[in-house]
Amino acid sequence: MQLIMNTFRILLLLLAPMAGLAQQSAIGNQQMTNAAGTSYAPNDNVMRTFDNRFEGTIGSPYLINEWMPAEIVDKQGNRYADVLIRYNVLDDNIAVVAGEGGSIDIAREEIAEFSIFDYVATYRFLAIPSPKGPKHPDMFCHVLLDGDCQVLVRRRKYYVPSSATTAFANQDMNEYKFHPNRYYVRRQATGELLRVGRTNGKLFDFLGHHETELRQLSRKNQLFVTEPMHLVLLVRMANNWNQ
C-alpha cells in the first residue's frame with residue numbers, strides 16, 4: 001500500500017502540466033469568453049475582442065469562434081490534414097473552409113474523429129455512439145485522457161431567443177449559452193460507455209480491477225468524480241495499474 005501511495009503522490013506532481021487538463025483549462029477559458037464575443041489566445045494570455053456575431057446576438061454556436069487548423073479522419077480511415085474548421089457545438093457538426101471564401105458542413109456520420117490545433121495544444125474529438133441508442137446520431141466528445149479507459153467530455157450549447165433573455169444595453173438580445181459539460185469514461189477495447197454521475201461508486205465498479213485501492217485513495221485524498229482533475233487522476237491510476 002505504501003508503494004501505491006508513493007506512486008499516487010508522484011502522479012499528483014506530474015498531473016499539473018498534463019495535456020488533457022491543460023486542454024480542459026484552455027477550452028474552459030473559451031467557454032467563458034466566446035459567449036461575450038471575445039477570443040482567448042493561450043499563447044500570450046490576452047483577450048482579443050472581435051465581432052463575428054449576428055446583429056442582436058450574444059456569442060455564437062461554435063466551441064471556438066475562429067477558424068482553426070485541424071485534421072479530420074473519416075470512417076474509412078482517410079485523413080484530411082491542413083484544413084480549417086469550426087466546430088458547431090449547438091448542432092454538433094463541423095464546417096470546413098471551402099474555395100472562394102465559402103464553407104461546407106461535413107456530414108457527422110462520415111467523421112470518425114477530428115483534431116483542432118491550437119497554439120499550445122491539440123484538442124482531439126471522437127465520434128462516439130449515442131448512449132440513447134443506434135437510432136440517434138453519434139456525438140462528438142473531447143478526449144481528456146487516452147488509454148485503456150478514456151475520459152471524455154461532451155460540450156453542449158443551447159440558444160436563448162431574445163424574448164427569454166434580459167435586456168442587454170437596453171436591447172433584447174438573442175444568446176448562445178453553454179450547458180454544463182457531460183463527462184464519460186469509455187472502455188476503448190469494447191466501446192462501453194459510462195456517464196459520470198455525482199458519486200464515485202459507479203466509476204469504481206466500471207473500472208473493475210483495483211476497486212478497493214481506488215476507493216481507499218479517493219477517501220484518503222478526498223477525490224471526487226465531479227471534479228474533472230480528480231476524475232482524470234482516478235482513471236489514469238486505474239489504467240496504470242491494469243497495464
Side-chain angles (χ1 to χ4, degrees), residues 23 26-44 46-130 135-143 152-165 168-169 171-179 181:
Q23 293 176 10
I27 289 187
N29 283 319
Q30 181 65 43
Q31 289 186 185
M32 290 186 290
T33 59
N34 71 2
T38 56
S39 176
Y40 179 72
N43 61 325
D44 55 9
V46 300
M47 308 287 286
R48 296 191 180 91
T49 302
F50 65 97
D51 189 357
N52 70 342
R53 301 166 288 169
F54 297 106
E55 184 176 355
T57 300
I58 300 172
S60 81
Y62 304 107
L63 177 67
I64 300 173
N65 291 337
E66 299 168 330
W67 292 98
M68 301 294 293
E71 179 181 77
I72 300 171
V73 182
D74 66 20
K75 291 289 179 67
Q76 289 72 45
N78 301 309
R79 292 183 176 272
Y80 304 90
D82 301 322
V83 295
L84 293 175
I85 73 169
R86 285 201 297 192
Y87 172 32
N88 185 323
V89 182
L90 183 72
D91 297 327
D92 207 22
N93 63 23
I94 60 175
V96 178
V97 168
E100 300 181 358
S103 66
I104 57 173
D105 291 337
I106 306 297
R108 193 190 323 175
E109 59 269 19
E110 297 296 328
I111 300 172
E113 65 176 86
F114 64 93
S115 296
I116 298 173
F117 306 114
D118 204 341
Y119 300 97
V120 295
T122 296
Y123 310 108
R124 182 183 175 212
F125 290 79
L126 300 180
I128 302 296
S130 171
K135 292 184 178 180
H136 295 268
D138 290 352
M139 58 184 185
F140 290 130
C141 291
H142 175 203
V143 181
L152 310 174
V153 54
R154 187 181 183 199
R155 308 182 187 278
R156 303 171 299 143
K157 277 190 173 184
Y158 62 101
Y159 178 72
V160 183
S162 59
S163 59
T165 62
F168 179 80
Q171 295 182 359
D172 286 337
M173 304 287 285
N174 303 315
E175 186 171 2
Y176 293 95
K177 294 185 175 182
F178 275 97
H179 280 291
N181 291 329

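We count residues from 1, following the sequence as given.
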If you take all heavy atoms of [X] and [Y], which pair is closest and at what distance?
X	Y	result
Ser60	Lys157	O-NZ, 2.5 Å
Val83	Ile85	CG2-CG2, 3.9 Å
Asn93	Ile106	CB-O, 4.5 Å
Tyr123	Asp118	OH-OD2, 3.1 Å
Pro129	Met139	O-CE, 4.3 Å

Within-4.5 Å side-chain heavy-atom neighbours: [X] and [Y]:
X	Y	result
Asp92	Arg154	yes
Ile111	Val73	no
Lys177	Val160	yes
Ile72	Val96	yes
Leu126	Val143	yes

By side chain to side chain contact (heavy atoms under 4.5 Å, CB included), which residues pair with [X], not counting sequence neighbours?
X	answer
Phe117	Pro69, Glu71, Ser115, Thr122
Pro137	Arg108
Gln76	Asp74, Asn78, Glu110

Q. Do the rings of Tyr158 and His179 sit parallel, tilted or perpendicular, given the 30° and 60° boundaries?
A. tilted
Q.
Ring-plane angle category for Phe140 and Phe114, please: parallel below 30°, perpendicular beyond 60°, tilted otherwise.
A. perpendicular
Q) Which pairs pass ring pair (Phe, Tyr, Trp, His ring centres under 6.0 Å) with one or both residues in residues 66-86, sequence neighbours excluded? A) none
How many angstroms lie between [atom1] in [X] and [atom2] in [Y], if you round to the nearest 0.5 Å?
X	Y	atom1	atom2	result
Ile116	Ile94	CD1	CD1	8.0 Å
Leu63	Leu90	CG	CG	12.5 Å
Asn174	Ile58	CG	CD1	8.5 Å

Q: Could you tell me whether Tyr87 and Phe125 have their ring centroids closer than 6.0 angstrom?
A: yes
**Q.** side chain to side chain donor-acceptor pair (under 3.5 Å) against Asp138, all qualifying residues, sequence neighbours excluded
**A.** Lys75
Q.
Taking Asn65's backbone N and O only, do any of them form a donor-acceptor pair with Arg86's side chain (distance below 3.5 Å, no angle check)?
A. yes
(Q) Between Arg155 and His142, is there a side-chain donor-acceptor contact under 3.5 Å, judged purely by atom types and distance? (A) yes
